[in-house]
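First the structure, in the form of structure tokens, and then the observations on it.
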Amino acid sequence: MSLAILHSRAQFGMDAPLVTIEAHLTGGLPALSIVGLPETAVREAKDRVRSALLNSGFEFPARRVTINLAPADLPKEGGRFDLGIALAILAASGQLPETSLQGYEFIGELGLGGELRSVRGVLPVALQAQRAGARLILPQANAAEAALAPDLTAFGAGDLLAVCSHLTANAPLSVAQREPSQTAADVPDLADVRGQAAARRALEITAAGGHSLLMLGPPGTGKTMLATRLPGILPPLTQQEALETAAIQSISTAGFDPARWGQRPVRAPHHTASAAALAGGGTTPRPGEISLAHHGVLFLDELPEFNRQVLEVLREPLESGQISIARAALKADFPARFQLVAAMNPCPCGYLGEASGRCRCTPDQVRRYRGRLSGPLLDRIDLHIELPPVAHELLLAQEHVGAETSATVRERVMAAHQRQLRRNGCLNARLDAAGLRRHCQLTQPQQEFLARAIAKLGLSARATHRVLRIARTCADLAGSDPLDLSHLAEALQYRLLDRRAGY
């Protein structure tokens, strides 16, 4: 038969659209052409495929070979179609029964000797193949990642010859198996933090309600130390959350390591990062730091040192939990439901308010420094807290009596999570206006108290809603259904930069 058809998958954003590979052999001068909007790496497949077939002991047809990658208007990139193209040529030339290709999808890059090399974005392909009810054949190096997709039959192969032997039932491949669960990541313990009781409490509220946090304090007060301990008090990822996190990492430049399955991502980009590095981008859109931190923690140290235009890209994702990367001819959506933890100094020199008096910053310099952060961005950060210097006696003490461990705090956080999910179906940080009306009902004295606070602090409507969400989280940590005045008062304490807006 001179025509063969099989299926593979492209990679576009978080999606893995189906690609039909058609191979047609006709008379004429020997040539191989690939059509269907292929990019450079795909066009180069003809040389890789020719060498792989010959070095694997197959005959390359001395005829005109046309490869069509459909749909024709979908951009195709990378070497992921090499295996499908090679098998389509073998089937069209009669060296492989076309019926053996039915029910399979193929993905993999070929080396010149016929070996199969790993490709990016395997997990989204595996998930789409599972939904389509197809079996997947892919490089052995990607088999463990594909096995993460539930109820998928995937086969990992080392080379082209092994794939053909499997399809002809001469030497069936083994079904890909998920690697054994690895030990939990070694996360620093909250018990290491000396002092900073108020900051520890704010960190617990952040974890319990899925809130964002901004810490302000002089150098050496423990801002970074606290931020690195947030993952240790967060609940484990659910199966769905783990799949979403792994799928994003799979399409990133670094790829996904199956040994990190189920671990919350922690991203800490340097303050010189560009807007594209933070939000994502490129000719073919790739996820940025905020998407790679999906269901995890995004830590931005020295927040005012980031370019202001870079920070402004955080505004929409903080509200919506996703980001859209638009180009002239295409648009890709990436999830970005992360917990933002940021840290900054109180002034350019960092020592404002210290008893030593070594700060020489003028009020105008302080205003300019803090003015690098726009009001709309600060409005979207739930908790603002100040960290004072830690007493030397506490730092030098041999024993740290009464310090709670991360495991103890995590138990309270998990209990609060369960209360929220049963009541709201989501964490408090994601409550909409209707949810706030249902679950944050205030008595008349509470309304009057909040109204006075709004007027004094100049809170916006968005900041007011954030105060209510934080108060709801404080109540959940206390195991209380109604909001108390103490919960509202505590929530208002965490709007530090609103309280000092005129400084």
With sequence neighbours left out, what residues match Gln447 under side-chain hydrogen bond (donor to acceptor under 3.5 Å, both in side chains)?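 side-chain hydrogen bond (donor to acceptor under 3.5 Å, both in side chains) check on Gln447 returns nothing, list empty.
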
Start with the C-alpha gap between Tyr369 and Gln365, add the side-chain angles, then the distance that decides, and say whether side-chain hydrogen bond (donor to acceptor under 3.5 Å, both in side chains) holds. CA-CA 6 Å; Tyr369 179 73; Gln365 288 175 323; over 6 Å; no

Are any of the side-chain nitrogens in [X] or [Y] under 4.0 Å away from the carboxylate oxygens of its partner?
X      : Y      : answer
Arg315 : Glu319 : no
Arg495 : Asp379 : yes
Glu109 : Arg80  : no

Apply side-chain hydrogen bond (donor to acceptor under 3.5 Å, both in side chains) to residues Ser324 and Asp333 and explain how you reach the verdict. CA-CA 4 Å; Ser324 296; Asp333 295 325; 2.5 Å; yes

Could you list all the salt bridge (charged side-chain N to carboxylate O under 4.0 Å, His left out) pairs where at least one residue sits in [range], not counting sequence neighbours?
range            : answer
residues 118-146 : none
residues 9-19    : Arg9-Glu105
residues 222-246 : Asp192-Arg229
residues 440-449 : none

Please determine, by modelled atom types, if Ser374 and Glu312 share a side-chain donor-acceptor pair under 3.5 angstrom. yes

Plane angle bin for Phe155 and Tyr104 - parallel if under 30°, tilted between 30 and 60°, otherwise perpendicular: tilted

Of all pairs that satisfy side chain to side chain donor-acceptor pair (under 3.5 Å), the ones with a partner from residues 472-482, not counting sequence neighbours: His211-Thr473, Arg419-Asp481, Arg423-Asp476, Asn428-Thr473, Asn428-Asp476, Arg472-Asp476

Would you say the side chain of Val297 lies within less than 4.5 Å of the side chain of Phe338, judging by non-hydrogen atoms? no

Would you name the heavy atoms of Gln130 and Pro150 that are closest together and state the gap between them? CG-O, 3.0 Å

